Amino acid sequence: MSGLSGYRAHGPGPGDVADGLLAMLVVAGLCLLAAGYGRGVQELWARRGPGRVVPGWRVAAFGGGLLVVLAADQGPVHRLAESSFAGHMAQHMLLLLVAGPLLAAGAAGLPLTVAAPRPLRRLLARWRAAAPVRRLRRPAGYALLAAAAQTLVLWFWHLPGPYVAAVDRPVLHAAEHVSLVAAAWLLWAPVLGPARHRAPAPVSLLLLVGTMLPASALGAALTFAPEPVYPVRVLGPDPVADQQLAGLLMWAPMDVAVLVATLAVFLAWLLRLDRDRPDDLVADRPGRHPKPVATGTATEGMVR
């Protein structure tokens with residue numbers, strides 16, 4: 001039995017009150033985020049027409065991301081996370097590989113800015129115009145920031161010390177989940193966000209592959225560890241098997257999701273090149289002959 005499930009077995013206590021308050025704060029925060037996004041989308045659609053600027057599928061993606069965050073923190077997924085390390089890892093993968101990409105696909109930057117009060121909008125405009133922020137918004141700078149944030153957050157919260165602290169303290173547990181969602185949102189925004197803010201395809205490819213490798217290394221370390229890395233009290237009835245399953249849950253879904261996204265970005269890049277510059281791509285194909293060079297007085301003079 002895990003540490004969390006063991007401490008729950010003692011009946012209601014201060015931990016249960018803290019969990020209840022944090023659950024209420026999570027729901028309130030998600031409702032506030034949904035209300036701000038909905039207000040911004042409504043105002044944009046009132047100005048430009050329904051489905052313009054922010055398409056309907058992006059609105060649905062953002063709503064789905066909020067629901068996934070809520071489902072990961074409440075209900076059966078939450079109870080499963082309390083009973084084993086593998087359940088906790090499944091909860092983390094939902095936040096990283098489902099909630100984060102869906103929120104990034106929602107393109108929430110503009111709707112939330114439109115819904116913000118005017119003083120806050122002016123503050124955001126000044127912040128975005130600052131030189132350090134402009135440098136970070138460049139494709140290379142943003143890719144480095146997103147990759148570093150994802151890697152640091154993932155490794156930090158799965159080190160034994162921070163992980164056990166998050167298991168024992170509800171506030172740290174909530175901070176862990178917020179940071180995981182924020183890092184995933186930051187990572188997937190230049191890949192799934194609006195075209196005007198999307199990173200070039202080569203940068204997106206390097207970003208995805210560069211973040212997959214450290215995650216795979218962490219999953220492999222947990223899978224092949226011969227003994228428990230974490231205290232036995234925070235693992236399931238069979239500590240080694242629980243840890244190995246958790247490692248596989250991190251390793252396999254992360255690799256599959258990133259590889260699928262990488263392939264999609266690469267194919268979209270090739271199709272875009274074929275559409276924009278078809279002659280450059282087919283010039284060297286077998287069976288195609290170069291166009292004859294026009295001959296004339298000027299050409300003959302150049303040849304001579």
Side-chain angles (χ1 to χ4, degrees), residues 29 33 37 54 58 61-62 64-66 68-69 72 89 91-113 124-125 127-159 162 174-219 250-269 272:
L33 194 59
Y37 182 84
V54 182
R58 289 194 180 276
F62 189 81
L66 295 179
V68 171
V69 173
M89 189 64 72
Q91 189 181 41
H92 289 180
M93 291 302 103
L94 276 177
L95 297 175
L96 288 170
L97 299 179
V98 183
L102 286 175
L103 293 173
L110 183 58
L112 291 177
T113 302
L124 289 173
W127 178 73
R128 287 166 61 90
V133 177
R134 287 203 309 269
R135 284 194 292 270
L136 286 177
R137 291 174 61 195
R138 295 172 183 170
Y142 187 92
L144 289 174
L145 175 65
Q150 172 88 346
T151 302
L152 287 175
V153 167
L154 187 66
W155 272 84
F156 175 79
W157 287 115
H158 291 95
L159 293 175
E176 175 190 41
H177 286 188
V178 169
S179 62
L180 289 173
V181 173
W185 194 342
L186 185 69
L187 173 70
W188 290 96
V191 180
L192 301 174
R196 63 184 180 277
H197 298 311
R198 203 171 297 162
V203 175
S204 297
L205 294 174
L206 292 175
L207 173 63
L208 292 172
V209 174
T211 53
M212 179 187 70
L213 295 178
S216 299
L218 179 58
M250 174 184 288
W251 192 358
M254 182 75 73
D255 283 3
V256 170
V258 173
L259 286 175
V260 169
T262 302
L263 182 60
V265 170
F266 183 68
L267 291 178
W269 183 30
R272 189 162 56 251

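We're numbering straight along the sequence, starting at 1. Note: hydrogens, waters and symmetry copies are ignored here, and every other heavy atom, side chains too, is used. Given the structure is predicted, the values throughout are model-derived calculations rather than measurements.
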Using only atom types and a distance under 3.5 Å, with no angle test, would you say the side chain of R58 pairs donor to acceptor with the backbone of G193?
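Indeed, once roles are kept as given, a pair shorter than 3.5 Å links the two residues.
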Would you find a donor on one side and an acceptor on the other, under 3.5 Å apart, between the side chain of Y142 and the backbone of A199?
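No, the answer is negative, given that no donor and acceptor are paired below the 3.5 Å cut-off.
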Hey, are the side chains of [X] and [Y] touching, using non-hydrogen atoms and a 4.5 Å cut-off?
X	Y	value
L192	L102	no
L208	W188	yes
L66	Y37	no
P214	L154	no

Can you see which heavy atom on [X] is nearest to which on [Y], and at what distance?
X	Y	value
A104	A189	CB-N, 3.6 Å
A215	M250	O-SD, 3.7 Å
V191	R198	O-CD, 3.5 Å
W185	A108	CZ2-CB, 3.8 Å
A143	V203	CB-CG1, 3.6 Å
A61	G106	CB-N, 4.4 Å

Can you sort out the partners of [X] under side-chain contact (heavy atoms from CB on, under 4.5 Å), two or more places apart, ordered by chain and number?
X	result
V153	W157, S179, L180, A183
F156	P162
P253	L97
A125	none

Atom CE of M212 and atom CD of Q150: how far apart are they, to the nearest 0.5 Å?
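CD of Q150 is found 12.5 Å from CE of M212.
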Out of curiosity, L213 CG to L218 CG, how far, rounded to the nearest 0.5 Å?
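So the CG of L213 and the CG of L218 are separated by 13.0 Å.
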Ignoring hydrogens and angles, write down the donor-acceptor pairs under 3.5 Å from the side chains of residues 257-266, residues two or more places apart or on other chains.
| unit_1 | atom_1 | unit_2 | atom_2 | d |
| --- | --- | --- | --- | --- |
| T262 | OG1 | V258 | O | 2.7 |

Parallel, tilted or perpendicular: ring planes of H177 versus H92, cut at 30 and 60 degrees:
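Geometry flag for H92 against H177: perpendicular rings.
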V68, V69, L103 screened by side-chain contact (heavy atoms from CB on, under 4.5 Å) with V98, the one that passes
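Of all the options given, the one that passes is V68.
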Under the side-chain hydrogen bond (donor to acceptor under 3.5 Å, both in side chains) rule, collect the residues that match up with T151, sequence neighbours excluded.
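With neighbours one apart ignored, the set is empty.
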Applying side-chain hydrogen bond (donor to acceptor under 3.5 Å, both in side chains) as the test, list every pair that has at least one member in residues 206-219; sequence neighbours left out.
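Output for this query lists S216-D255.
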